[in-house]
Amino acid sequence: MYNKGLYNNWVPKPVQMLLMLMLLAVVMPLGGVYTGNISYVVSGTGAMTEYFMWANYATTIGMGACMPIVLRMKMRFKVRDKMTVLLVLLGILSYINSSTAEPMIFVFTSLVIGFLKMMVTIELFLPLMAMIGNRGMFYGAFYTFVLVLNQVSAYYAAEVSIIYNWQHFYIIAAVGCFVLALLHWVFMHNQYFALKVPLHYIDWLSVLLFIAAFMFSAYVFSFGKQQDWLNSKHIINAGMAAFVSFALLVIRQATLKRPYLSFSIFSKNNVQHGLFMLLCLGMFLGTTSIQNTFAVGVLGYDQLTNARLNLLMIPGLVLAGVIAIFWFKKEIPLKMYIFSGFSAMMGYALIMYFSMVLEFSYDNWYLPMFLKGYGTCSLFISVWFYTLDKLEMDEMLAAIGLVLVWRTFLAVGIFSALYSWFQYRFQVVAVGDLAVYMDGMNFPPQNAASGMKLIQLNAILIACKKIFGYIAIAGTGVLLYVVTHHFGRERFEYLRFIRLLSGKSVIARRRLRERKKLLEEIKDAAGPAV
């Protein structure tokens, strides 16, 4: 027996929707680390922050590694058995994180949590997409919900860590997974989704090579600044290992009858341009590290206040989602919607450029965070839709893991690493420029400490301002690129204008009417034939 739904037929539809929302609310923000309480985990374990940055990247890498095989895993097991086991395993991994002080355990559990989380998520994708019907409208609703949920979970991770301690949030996540496992054991049907398929067709060596290539890359991005980049043999060795692993992965795909990954879609025009726009999105999203430095290091916000800043993105996220649903429902071309998203991110960068002052008020965050929320959500929806548009399901599943890792890990990781390096260099230069004022007349011995602190704060402000200035310059180029890109429409449309001037427009319109009439006749004839 096959059943493409999730729950037994006797479960009312509202209860099914409630269970799916509960599943989304618990599983989607689940991870090995949470951005809201990383500082508390660092202080509680005594480990370096870089380990938990690595663990944060590992969750995305695990999701990308699972994506090419997720449909085969879905068709291999009965829905209830698989979902229950996955939720129990996710709960166990969250509990392990709550009871350990070893940072490498966080890295490993984050990788596994990402892998298992994707199997749970695919169970929700298909029924929700079938329910909504339009893929663009589904992206508009789904990404808005998930992005809002991530901001809320990051805030509550910080709040729970302050009120109790950092372990409690992991325990809450584990309890939520166990409760959902019990509920889904009761309400889910015990049937297969479709024809049962074997697992021995999965090339697990390719999966390991995929994980190795990107985990070594994540190590480079996370520890590069701490180990002084190419002056560290560990960074050089990790970079070489990442390159070799990826090269072996590519070579192995060419020798397999059923390859784990497919690189054929990367020759398509929309995929190439979509990857470039995702890289540009990563340029703006990478500014989170600069924003945190400004908010915590310069303005002196505590971690809860800093987490509350991200809640200011929610109105922008919701507005972008509502506009996306309307946009895709009306089937309006994507160009101006994507342009509005990059324009919002450009506005955020410009406001932050002019806001690098010690007197920056909390009320001044509302507009830039609103623009950042709108830009983030609109670009996540529209660029992702454009990149994967008109791809067959087999093509998409065979390459979406790479696209997912590119969007969420590589693009953001590359620019975050670059910004941290530039921020350090610019700060050193700024201290040198300000050294002209550091003499005995301006800083007598009794005021030396406060004077040095002021110099340091101004150096940080100068470095952040420079980076936002360069981002604004690059953002101008991105806007020009979006305006001039065709987004799938016909190029060289001036030929139609030439045809009009040469008196051939009447013939063209007549041929179009004849072609339309012929298509209608074929359609009418096909109806009785079917």
Side-chain angles (χ1 to χ4, degrees), residues 6 17-36 56-57 59-64 66-67 70 86-87 90 94 110 113-132 134-157 169 173 176-177 180 278 281-282 284-285 288 307 310-325 327-328 341 369 372-385 387-388 400-401 403-409 411-412:
L6 288 179
M17 282 299 300
L18 178 62
L19 288 169
M20 283 194 281
L21 286 175
M22 290 172 61
L23 202 58
L24 281 171
V26 173
V27 174
M28 290 312 298
L30 198 67
V33 293
Y34 301 93
T35 55
N56 192 31
Y57 290 141
T59 304
T60 303
I61 295 168
M63 294 173 68
C66 182
M67 201 66 212
V70 72
L86 289 174
L87 288 170
L90 288 172
S94 293
S110 298
I113 283 174
F115 195 89
L116 300 179
K117 187 168 113 173
M118 183 51 70
M119 294 187 205
V120 177
T121 307
I122 197 66
E123 298 291 348
L124 299 169
F125 275 175
L126 298 179
L128 287 174
M129 193 179 289
M131 201 178 301
I132 296 175
N134 186 304
R135 187 164 68 94
M137 293 173 64
F138 168 75
Y139 283 169
F142 182 79
Y143 273 120
T144 303
F145 180 79
V146 170
L147 290 172
V148 169
L149 200 61
N150 285 338
Q151 310 312 318
V152 173
S153 65
Y155 172 77
Y156 280 108
F169 195 77
C177 289
L180 282 176
L278 290 174
L281 174 60
F284 289 107
L285 294 181
T288 301
N310 290 326
L311 295 182
L312 301 180
M313 294 170 60
I314 292 179
L317 296 171
V318 174
L319 177 63
V322 172
I323 293 176
I325 293 172
W327 209 277
F328 285 107
M369 297 308 291
K372 185 180 180 182
Y374 177 85
T376 301
C377 188
S378 60
L379 293 175
F380 260 75
I381 295 166
S382 56
V383 177
W384 189 254
F385 179 89
T387 305
L388 302 179
I400 196 173
V403 181
L404 177 68
V405 170
W406 174 266
R407 181 196 69 182
T408 314
F409 158 56
V412 178

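Atom CE of M63 is separated from atom CE of M118 by 3.5 Å, given to the nearest 0.5 angstrom. Of the inter-residue distances, the one linking I314 atom CD1 with T144 atom OG1 reads 11.5 Å to the nearest 0.5 angstrom. The distance from the OH atom of Y374 to the CD1 atom of I323 is 4.0 Å, given to the nearest 0.5 Å. Annotation: the span from F138 atom CZ to I325 atom CD1 amounts to 11.5 Å, rounded to 0.5 Å. How far CG of L24 is from OG1 of T121: 8.0 Å, rounded to the nearest 0.5 Å. The CD1 atom of I61 sits 10.0 Å away from the CG atom of N56 when rounded to the nearest 0.5 Å.
Between M28 and L149, the closest heavy-atom pair is CB-CD2, 4.2 Å. For the pair G140 and A324, the tightest heavy-atom approach, listed with the atom from each and the gap, is CA-CB, 4.1 Å. The minimum heavy-atom distance linking S378 with G375 is given by the pair OG-O, 3.2 Å. When all heavy atoms of L404 and T60 are compared, the pair lying nearest together is O-CG2, 4.3 Å. Heavy-atom minimum distance, R407 versus V412: O-CG2, 3.9 Å. For the pair M119 and C66, the tightest heavy-atom approach, listed with the atom from each and the gap, is CG-SG, 3.6 Å.
V27 is listed as a side-chain neighbour of L87, based on a closest heavy-atom distance under 4.5 Å. Between F142 and L124 there is no side-chain heavy-atom pair separated by less than 4.5 Å. Between L90 and V120 the shortest side-chain heavy-atom distance falls below 4.5 Å. The closest side-chain heavy-atom distance from F284 to T376 is not below 4.5 Å. Within the 4.5 Å cutoff, the side chain of L285 has heavy atoms near those of the F380 side chain. The side-chain heavy atoms of T288 and N310, taken from C-beta on, include no pair separated by under 4.5 Å.
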Side chain to side chain contact (heavy atoms under 4.5 Å, CB included) evaluation trace for L317 with Y143:
CA-CA 9 Å; L317 296 171; Y143 273 120; over 6 Å; no
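Side-chain rings of F328 and F385 approach one another, their centers coming within less than 6.0 Å.
For OH of Y156, the number of neighbouring non-hydrogen atoms (other residues, nucleotides, ligands) closer than 6.0 Å is 12 at most.
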